[in-house]
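Shown next, in structure tokens, is the structure this report addresses.
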Amino acid sequence: MNLHKLTSRLCPKATQKFRHLHIQSSGQQLEAVAVETASAEANPLSVFRTSERDPTYHSEGHSGQYYTLPPTHIQKLFPYGLPPRFQLQIKTFNEGCVMVRPPALELISYLKRADYSKPPLRYVLYGDIGTGKTMSLCHALHYCYSQGWLIVHVPDAHLWVKNCKELLPSSSRPSRFDQPIQASQWLKNFKITNERFLSKLKTTQRYVWTKRESTEKGQPLGELIDQGVNRMKSSSDVVGAVLRELRLQAGGATEGEGAFKLAVAVDGVNALWGKTSLKKEDRTMPEELTLIHNLRKMMKNNWSGGAILTALSQTGSVFKPRSAYLPSELLGEEGFDNMEPFVPVSVSNYNEKEFESCYLYYLDRNWLQHPHSRSEEGKKELIFLSNKNPSILERLCAFL
Amino acid sequence: SCSVVMLLRKNLAAAGPQKFTQEFIDKQVEEFEVGKRHLANMMGEDPETFTQEDIDRSIAYLFPSGLFEKRARPVMKHPEEIFPKQTAIQWDAEGRPFHFLFYTGKQSYYSLLHDVYEKILAIERHQDKMRNKGLFTSDTKQILLTGSRWLLKEEIEENLVENISVQDYMRLIQLMELLLSMPYCSLEEEFILKFRKQLEVQSSKYEIPALQYDPQGVAFSFADGRRKSAKASITLRDSGSGNITINGRNYLYYFPVLQNREQLMFPLLFVGMSGRFDIEGSVEGSGHSAQAGALRLAISRALLSFVSEGEVEKMRQAGLLTADPRIRERKKPGQEGARKKFTWKKR
């Protein structure tokens, strides 16, 4: 580790203490080397954590440190939003800790400064596999939630274009296809996340589902969602209706009860314009999927009063080579044209400070059991073998 | 009545007395010398200073052979090396043996033992003489034995032109050790060294790639490595930060398997320079494991120029510098694969 590089990167009022004696519960002592700067925010426990739980106040000074997600927020905001491995980690460690990293901080700063009377800005998180795009997206989403925005979160758009068990022809339009299971699942999650808005918002027009069922104008949104959850057949159309309502009402009233900002977060956004691996019974590819169609409409910036946060993903994508990670490659021509203009935010591997922080966190949680991994040699090995890639490091430490 | 006492023994003593007469061998030696001079003239070199290596080189040039078995290729060597050593007839016209130990069966071996014991007695007499004079000291000049080993049983058999058993060999070695244990054994140093063979120093065999310098003054070196039909060649640059690029891609994405990355890591971690170098490599052929092995060998070889002598020896002992000789075994006819046989039916 180059000390000089580290010190030059530190902010003057930073809490970057790397020289600390950290006493393990097992009685081992560990020393990491760097410069000590005491500050008011210094946490008595350890250097890689910060006690700041609200993403609103995260700043450059917190970069590289872990903050704990409040458990209530996890249940409400991220029922299925977090990456599966991270969910396992939460269960194991009994807490959800997310590292504050520059891409997320950048995104949050944009969100703070954006003008919400104009059409929404589109932010695209891109980077190599396993560098932390989904986690950064979740961090930014936590910020939005703590600010009181309405969250539309699609955890992985790839799930909607492949491995669907049921594919029904749409009831409303002849050439489209529905995915009832995915749609109703999503509606349930939406309900959990945005409960407080459901009674406040009202529908603006009448929706007819079948000959006998319809939702009148002026009904609370909660009813619409219940309709979709109960009647699986029309759930995809309900999704479309919900999204339409939100778009219309997002920029509407600037003050008063109906005011809210809309955050649309889609992970794996390249699935919307990529190929699908779904087929009908007589083995032809479907032309249009309702959910995908509605989501594409959402991506356009013809509404106001919110922001669109997206992240690309290669791992779940269909028919894309593994080395592709740039937006132009993964989105394809069509997607790129649709998404333009957007603000790209690149996510990369850990730098030395972040790696150090992650290593200390695992040690603190007693996750690295092997005695060699606690030595300097072991750390060098970890650096080499994972090349400071977050996901590879996590998988590596999983069996140590 | 030339009844052959030595019946049917292998190798040297086997063929019986003298298939080749001494005159025959002398004639061969003469012809060899003449032929050597002719060969030197043919190659345009000086006949006086024409060594065996030159002969080998010339023969390989004049008679190129594609045979795999090296011993089957044309060779021109001194008759001593070609014709096996044989014992001359050991009894006279009347059947009386020349040597007094003939009837032991292993006459040269026992005569050697006798010689050694003679020398031991001579040294003891010398010791007594020194004691009488009062000049007896224990710290006389000792014979240096490091870097050499006793001749093997096969080599002694070759020298004696006889077969000896393992117990005989042990007995001989014990006697030599006894000789060495006495002070004043330096008197017989010459005799003892005839039975010791020098060992070569292994690590001096490796050629260290040259260290070249960039325009900026950064040191770098090239090296190659091979493993099982995978060829790798790398450039190792100093003052880097541990980035490794293989065939244009990062090593994390080229080798998703952990084992291969560990292979790459091993030489750097062993010398303790893991974050110091930048490596740029290209590799082709075979599978991912073999490519990783080839890269590992190439990295170790490139590191030789950055590392001290002692470290080189340590690397050699760790096995980093040895090329893995294992290749894919050939499939044989009459079998499914290299080893797998067809189903065996009893009838």
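Residue numbering restarts at 1 for every chain, and letters A, B, ... go by the order of the sequence lines.
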Euclidean distance, N349(A) CG relative to N250(B) CG, rounded to 0.5 Å:
7.5 Å
Are there over 12 heavy-atom neighbours, none belonging to R226(B), within less than 6.0 Å of that residue's CZ?
no
F384(A) and R261(B): which non-hydrogen atoms are nearest, and at how many Å?
CE2-O, 3.8 Å
Would you say K197(B) has more than 12 foreign heavy atoms packed within less than 6.0 Å of its NZ?
no
So with a 6.0 Å cut-off around CD of Q259(B), is the heavy-atom count from everything else above 12?
no
K341(B), NZ: over 12 other non-hydrogen atoms inside 6.0 angstrom:
yes
In this structure, are over 12 heavy atoms from other groups packed under 6.0 Å from F342(B) atom CZ?
yes
In this structure, CG of L252(B) is separated from CG of D128(A) (nearest 0.5 Å) by 8.5 Å
Is the number of heavy atoms from other residues, nucleotides or ligands under 6.0 Å of E53(B) CD greater than 12?
no
Looking only at K380(A), E377(A), E381(A), most heavy-atom pairs under 4.5 Å shared with chain B are made by E381(A)
With a 4.5 angstrom heavy-atom cut-off, could you sort out which part of F255(B) is near chain A: side chain, backbone, both or neither?
neither
Do other residues, nucleotides or ligands put more than 12 heavy atoms under 6.0 Å from the NE2 atom of H370(A)?
no
Is L264(B) in contact with chain A via its backbone, its side chain, both, or neither, using a 4.5 Å heavy-atom distance?
both
To the nearest 0.5 Å, how far apart are CD1 in I383(A) and CE in M265(B)?
11.5 Å
Does any heavy atom of chain A fall under 4.5 Å from the side chain of N243(B), the backbone, both, or neither of them?
neither
Minimum heavy-atom separation for I129(A) and Y253(B), please, with both atom names.
O-OH, 3.5 Å
